[in-house]
Visitor: 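Quick one: the structure is below, questions incoming.
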There are 2 protein chains.
Amino acid sequence: MGELREPLRELIECGLPQALEVMGERWSFMILRASFNGLKHFEEFLSELGIARNILSNRLAKLVEHGILKREPCADDRRKIEYRLTEKGLDLLPAMLALRQWGQKYGSETVVEDPVLVDERDRLPIGPVSILAHDGRILGPQDLWLTRPANLGRRADGTIATPGESQGVSLGRGDVVDLAEAKAAAAR
Amino acid sequence: MGELREPLRELIECGLPQALEVMGERWSFMILRASFNGLKHFEEFLSELGIARNILSNRLAKLVEHGILKREPCADDRRKIEYRLTEKGLDLLPAMLALRQWGQKYGSETVVEDPVLVDERDRLPIGPVSILAHDGRILGPQDLWLTRPANLGRRADGTIATPGESQGVSLGRGDVVDLAEAKAAAAR
DNA sequence: TAACTAGGTTGCGAGTTGCAACTGAAAACT
DNA sequence: AGTTTTCAGTTGCAACTCGCAACCTAGTTA
């Protein structure tokens with residue numbers, strides 16, 4: 001594995017900071033979850049989340065500004081405003097579920113009585129949010145490798161994969177990382 | 001679909017708040033990513049992330065306290081301390097990747113030259129972080145349904161699935177949510 | 001011994017957060 | 001019509017957190 005160390009460019013350009021700009025704020029994920037749960041109105045969020053009015057107002061405005069929620073006046077009651085998830089907001093579902101599954105796996109209290117997310121086809125609980133290979137295999141840290149776009153492998157049809165497609169994700173730093181080693185180290 | 005509305009119990013018990021307690025802090029995810037990138041020492045994080053010393057100190061301590069990183073004095077130089085990911089920390093990889101993929105998908109600048117996460121088997125870029133059904137099918141928002149544990153389906157062998165296993169995830173609120181409807185609404 | 005390095009801690013100003021009270025418009029009651 | 005209630009905000013103020021710079025301490029190097 002060649003030494004691969006780039007001139008340490010700013011890490012601002014890797015997707016994560018952009019995501020955190022909105023979702024890193026203290027209440028954003030809780031509001032997002034409430035939206036996934038079907039809440040739409042200001043006062044609903046307010047009483048459900050126990051957040052301060054001004055913060056909620058501010059957060060909702062930011063989420064709307066970033067295109068995660070959209071703000072529509074209600075037809076039947078013109079005081080009311082509906083905050084609904086956009087496509088962009090719905091796309092945060094994997095991230096939210098991954099976080100929640102992690103929190104649940106390591107959290108102290110497990111409340112089994114709460115409703116459960118199921119596959120509507122067979123009503124069985126969903127599995128863990130997973131990192132998939134291009135062919136659908138589930139990948140763990142030990143299966144991942146960080147490399148330069150130039151060193152990408154070739155697909156069966158001989159075409160070179162481009163990082164942009166299929167959500168190829170940059171880790172943003174010019175270092176080859178052996179996640180398997182990291183995993184081994186974690187095991188002590 | 002029966003009306004399903006619980007007495008609005010506190011939402012603190014759903015995994016997400018527990019996750020956010022640590023990872024909701026402003027720099028936690030950036031530090032985590034740096035860890036995945038192989039950074040181990042205080043001064044490395046400091047210069048790489050551009051974070052303030054005191055905040056970094058505080059965040060690292062919290063991450064250690066929550067068992068995401070572990071703090072080990074370096075063998076060869078007893079001034080140095082290594083911060084390494086634990087198993088619990090490694091388990092945050094799907095959440096971090098999901099966030100990053102989202103940020104990259106909707107972010108303005110796409111830097112193609114950055115290194116890319118690949119499947120080490122064939123060196124092809126990884127796919128999107130996905131929500132899987134128990135049988136491995138990839139699920140979208142439209143395939144998900146929120147239900148009570150009592151109404152779970154049965155597996156092929158006739159056993160009733162338990163929410164605890166296979167990362168069944170509670171949304172924490174006693175409301176049945178039709179995510180397909182939400183998706184349709186998002187489309188405008 | 002002096003200088004340097006790694007990892008913190010402390011003090012200070014600026015920015016955020018939470019709480020409570022107030023506003024202003026639309027709906028509901030009387 | 002006139003009062004009250006509801007909805008979604010805004011404003012003022014206290015408490016907390018952040019970022020910056022300076023300082024501190026133990027271990028290493030010259």
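The chains referred to below are lettered A, B, ... by the order of the sequence lines, with proteins before strands, and numbering in each begins at 1.
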Visitor: With a 4.0 Å limit, can you tell me whether B:H41 has a side-chain N or O closer than that to the phosphate oxygens OP1/OP2 of C:dA6?
Guide: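 For C:dA6, neither OP1 nor OP2 has a side-chain N or O of B:H41 closer than 4.0 Å.
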Visitor: When you compare the side chain of A:L92 with that of A:M23, does any pair of heavy atoms fall below 4.5 Å?
Guide: yes
Visitor: Mind checking whether A:I131 and A:I138 have side chains closer than 4.5 Å, heavy atoms only?
Guide: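 Not touching, per the 4.5 Å side-chain cut-off.
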Visitor: Could you work out how much the helix from C:dT1-D:dA30 to C:dT30-D:dA1 bends, comparing the axis of its first five pairs with that of its last five, to 10°?
Guide: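 Taking the rotation axis at each end, their angle is 10°.
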Visitor: So, are B:D91 and A:K105 salt-bridged, with charged N and O less than 4.0 Å apart?
Guide: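 Here B:D91 pairs with A:K105 in a salt bridge, since their nearest N and O are under 4.0 Å apart.
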Visitor: Is the phosphate of D:dC18, meaning OP1 or OP2, less than 4.0 Å from a side-chain N or O of B:W27?
Guide: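 Result: no.
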Visitor: Specify the separation, in whole Å, of atom CE of B:M30 and atom P of D:dC18.
Guide: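 In whole Å, D:dC18 P lies 16 Å from B:M30 CE.
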Visitor: Spell out, yes or no, whether A:F29 and B:L32 are grouped together once hydrophobic residues are joined by side-chain heavy atoms under 4.5 Å, including indirect joins.
Guide: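 As far as the 4.5 Å side-chain criterion goes, B:L32 and A:F29 are connected within one cluster.
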Visitor: State yes or no: do A:L132 and B:M96 share one hydrophobic cluster built from I, L, V, M, F, W and Y residues joined by side-chain heavy-atom distances below 4.5 Å, directly or via other members?
Guide: no
Visitor: B:S57 versus B:F42: any side-chain heavy-atom pair under 4.5 Å?
Guide: yes
Visitor: Would you jot down, in residue-number order, the residues of residues 55-64 of chain A having a non-hydrogen atom under 4.0 Å from DNA chain C?
Guide: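 Within this stretch, A:I55, A:R59 sit under 4.0 Å of the strand.
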Visitor: Quick one: pull up CG in A:N37 and CE in A:M30 and give me the separation to the nearest 0.5 Å.
Guide: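 Here the rounded value is 9.5 Å.
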Visitor: What's the closest nucleotide to the side chain of A:N54 if the choices are C:dG7, C:dC19, D:dC20?
Guide: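 From the listed options, C:dC19 comes nearest.
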Visitor: Rounded at 0.5 Å granularity, tell me how far OG in B:S35 sits from CZ in B:R84.
Guide: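 Separation between the atoms: 10.0 Å.
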Visitor: For the base of D:dA8, is there a side-chain donor-acceptor partner from A:R53 under 3.5 Å away?
Guide: yes
Visitor: For C:dA6, does OP1 or OP2 lie under 4.0 Å from any side-chain N or O of B:Y83?
Guide: no
Visitor: Rounded to whole angstrom units, what separation is found between the CG atom of A:L46 and the C1' atom of C:dT17?
Guide: 15 Å
Visitor: Nearest-Å distance, CG (B:L69) to C1' (C:dG7)?
Guide: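 To the nearest whole Å, that distance equals 15 Å.
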Visitor: Under a 4.0 Å threshold between the charged nitrogen and the carboxylate oxygen, would B:R137 count as salt-bridged to B:D143?
Guide: no
Visitor: When the distance from CD of A:E43 to C1' of C:dA25 is rounded to whole Å, what number comes out?
Guide: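 Computing the A:E43:CD to C:dA25:C1' distance gives 14 Å.
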Visitor: Dump the pairs, protein N or O against N or O of nucleotides 24-28 of chain D, anything under 3.5 Å, distances to one decimal.
Guide:
from: D:dG27; atom 1: N2; to: B:R79; atom 2: NH1; distance (Å): 3.0
from: D:dT28; atom 1: OP1; to: B:R78; atom 2: N; distance (Å): 3.1

Visitor: Go through B:E82 and B:R71 one step at a time and tell me if the salt bridge (charged side-chain N to carboxylate O under 4.0 Å, His left out) criterion holds.
Guide: CA-CA 6 Å; B:E82 283 198 355; B:R71 188 181 189 282; over 6 Å; no
Visitor: Any Lys/Arg nitrogen of A:E48 or A:R33 sitting under 4.0 Å from an Asp/Glu carboxylate oxygen of the other?
Guide: no
